[in-house]
There are 2 protein chains.
Amino acid sequence: MFGLSEGLVCLHKALRDGRRQVVKFVLPGEFLGMPFMELYKVSAHAVGAVSVCGFPRDELRRLMDASPGMARLLINFAIREVDLAQEQQVLLANASAEQRVGAFLVGWHARLATLGPVSKAVPLPMRRRDIADFLGLEPETLSRTFASLEQKKLIRIDPKGVTLTGLARKDARRCCIVPGRRRHR
Amino acid sequence: MFGLSEGLVCLHKALRDGRRQVVKFVLPGEFLGMPFMELYKVSAHAVGAVSVCGFPRDELRRLMDASPGMARLLINFAIREVDLAQEQQVLLANASAEQRVGAFLVGWHARLATLGPVSKAVPLPMRRRDIADFLGLEPETLSRTFASLEQKKLIRIDPKGVTLTGLARKDARRCCIVPGRRRHR
DNA sequence: CGAATCGTTGAAAGCAGTCAACTAGGGTGG
DNA sequence: CCACCCTAGTTGACTGCTTTCAACGATTCG
């Protein structure tokens, strides 16, 4: 099991036909995968330089056997993972391209905010294809959606990221939970 | 935390606009939700008659504190949950309607097989809307896809289920992992 | 038997995917 | 330092799958 101390890692599943499903973007302070997963069913690639921190499985197991608190910690981590995955299911199954992108940008901004103070300028170090594969879209559609959001004055496209000028937390909720209908019109 | 001893339960998230995302169908012998999840973020409704078996949280915690094996058991359960959810992500993000339905039928058949001997006749006790919400489709699309699969002699539509006449395990793989392209044509 | 819901079928529209061409950016070598 | 190349990203045109709206059968339950 590994933890990420610096950089950005992209966890994905290869679909054997060349397409990929990006499962998660891992930020510093988060775990790469689940502990004790015998056979990792996801691959990982670094976005830029990273430094990781390994926990030997045996040692982790000893720690867990010794202190029940450790076990509960890992279970709570697992619960959050499940919840995240299910929220992503909701997004992938029910949201339009614009809703997916909006929810991603707001969520990404919120996650970066947990690492330290951030401005409205949101860096996007990963490739367009990574974001597209995360959202279940094609890079072309992602690009078009960015352009559309910029025309609506909701974002501004920067060299290596975007600036949020109209999207707010509520928009994330609106994107994945609420709005009047689903997709289309 | 609850376990299901008889019947079928449908776990879903309500999206506040009337739509739902069905997260999982729970079969006898499986858990409803995750242990220790403070606030369940999914709802559940029974499909037909069910009998559940409750585990008081405190007792479960004592059990876990007492035996490290118990903790590992729960973590392994959580890992499977995460993997299941991620596989579903792959399906929702990348598969066509036909692939989703095919993968669902094969997977459902396989899960029923773990409960006891089953024939090629697969019962579908849940409503069409439940299946549709699970697969991220509309009931109309699901119905059309069923009809299309029947015309291709891959299934036969029975009164309360379907009979698999051409779908095999490999088709599930083909549906969620392989084929030449993605959706469309 | 009637009513209400569920499921199916039909027709039309829209969003995203595909294919293709073009632009921008980054890195390398001359 | 500039020219070149290669990749990433954008934009355009078009196809088509899925959704939407609507009406029609089927089933279940009172």
Side-chain angles (χ1 to χ4, degrees), chain A residues 10 15 17-21 45 47-48 91-102 104 123-152 155-162 175 179-185, chain B residues 10 15 17-22 45 47-49 91-102 104 123-152 155-162 175 179-185:
Chain A
C10 174
L15 303 197
D17 62 342
R19 203 172 307 98
R20 302 172 314 148
Q21 176 63 36
H45 73 262
V47 178
L91 206 69
L92 293 173
N94 299 292
S96 69
E98 186 166 318
Q99 291 170 330
R100 295 183 204 196
V101 174
F104 167 72
L124 296 174
M126 68 291 276
R127 302 244 172 253
R128 287 286 192 269
R129 169 151 291 286
D130 293 329
I131 302 177
D133 287 344
F134 181 65
L135 297 176
L137 301 172
E138 298 303 314
E140 295 96 325
T141 303
L142 181 64
S143 179
R144 270 184 261 271
T145 306
F146 271 142
S148 165
L149 286 174
E150 187 171 41
Q151 274 199 331
K152 294 179 183 173
I155 66 173
R156 191 156 41 78
I157 299 176
D158 305 333
K160 283 171 184 355
V162 299
C175 283
R181 273 287 175 61
R182 183 226 208 105
R183 39 164 69 172
H184 302 328
R185 70 187 58 165
Chain B
C10 174
L15 302 197
D17 61 341
R19 204 171 308 100
R20 302 172 314 149
Q21 177 63 35
V22 170
H45 73 263
V47 178
L91 207 67
L92 292 173
N94 299 292
S96 69
E98 187 166 318
Q99 291 171 330
R100 296 183 203 196
V101 174
F104 167 72
L124 296 174
M126 68 292 277
R127 302 243 173 254
R128 287 287 192 269
R129 170 152 288 288
D130 293 329
I131 302 177
D133 287 344
F134 181 65
L135 297 176
L137 301 173
E138 298 305 313
E140 294 96 325
T141 304
L142 181 65
S143 181
R144 270 184 260 272
T145 307
F146 271 142
S148 165
L149 287 174
E150 187 172 40
Q151 275 198 331
K152 294 180 184 175
I155 67 173
R156 192 155 41 78
I157 299 176
D158 305 333
K160 285 177 184 352
V162 299
C175 283
R181 273 287 173 58
R182 185 222 205 106
R183 38 164 66 176
H184 299 331
R185 74 186 56 160

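Here is how names work: the chains are called A, B, and so on, in the same order as the sequence lines, proteins then strands, and each is numbered from 1.
Atom CG in Leu137(B) sits about 14 Å away from atom P in dT8(C), given to the nearest Å. At whole-Å resolution of the value, CG in Asn94(B) and P in dC17(D) are 17 Å apart. Distance, Arg19(B) CZ to dT20(D) C1': 12 Å, rounded to whole Å. In this entry the distance linking CD of Gln99(B) with P of dC17(D) reads 12 Å, nearest Å. Rounded to an integer number of Å, the gap from CG of Asp133(A) to P of dA16(C) is 16 Å.
Under the side chain to side chain contact (heavy atoms under 4.5 Å, CB included) criterion, Arg20(B) pairs with His12(B), Val22(B), His45(B), Arg129(B), Asp130(B), Asp133(B), not counting sequence neighbours. Scanning for side chain to side chain contact (heavy atoms under 4.5 Å, CB included) contacts around Thr145(A) gives Ala97(A), Glu98(A), Val101(A), Thr141(A), Leu149(A), with sequence neighbours left out. Scanning for side chain to side chain contact (heavy atoms under 4.5 Å, CB included) contacts around Pro125(A) gives Leu8(A), Val47(A), Trp108(A), with sequence neighbours left out.
With hydrogens and angles disregarded, a donor-acceptor distance shorter than 3.5 Å links the side chain of Glu150(B) to the backbone of Ile157(B).
With contacts defined as side-chain heavy-atom distances shorter than 4.5 Å, the pair Lys160(A)/Leu124(A) does not qualify.
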Interface polar pairs with nucleotides 25-30 of chain D, N/O, under 3.5 angstrom:
| unit_1 | atom_1 | unit_2 | atom_2 | d |
| --- | --- | --- | --- | --- |
| dT28(D) | OP1 | Lys160(B) | NZ | 2.8 |

Contacts under 3.5 Å, N or O only, protein and nucleotides 5-12 of chain D:
| unit_1 | atom_1 | unit_2 | atom_2 | d |
| --- | --- | --- | --- | --- |
| dG9(D) | OP1 | Arg128(A) | N | 3.4 |
| dG9(D) | OP2 | Arg128(A) | N | 3.4 |
| dT10(D) | OP1 | Arg128(A) | NH2 | 3.2 |
| dT10(D) | OP2 | Arg128(A) | NE | 3.1 |
| dT10(D) | OP2 | Ser143(A) | OG | 3.2 |
| dT10(D) | O5' | Ser143(A) | OG | 3.0 |
| dG12(D) | N7 | Arg144(A) | NH1 | 2.8 |
| dG12(D) | O6 | Arg144(A) | NH2 | 3.2 |

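Taking CZ of Phe134(B) as the reference point, atom CZ of Arg100(B) lies at 11.5 Å (rounded to 0.5 Å). The OG atom of Ser143(A) lies 11.0 Å from the CD1 atom of Ile131(A); values are rounded to the nearest 0.5 Å.
When the local axes at the two ends of the helix from dG7(C)-dC24(D) to dG30(C)-dC1(D) are compared, using 5 base pairs at each end, they differ in direction by 40° after rounding to 10°.
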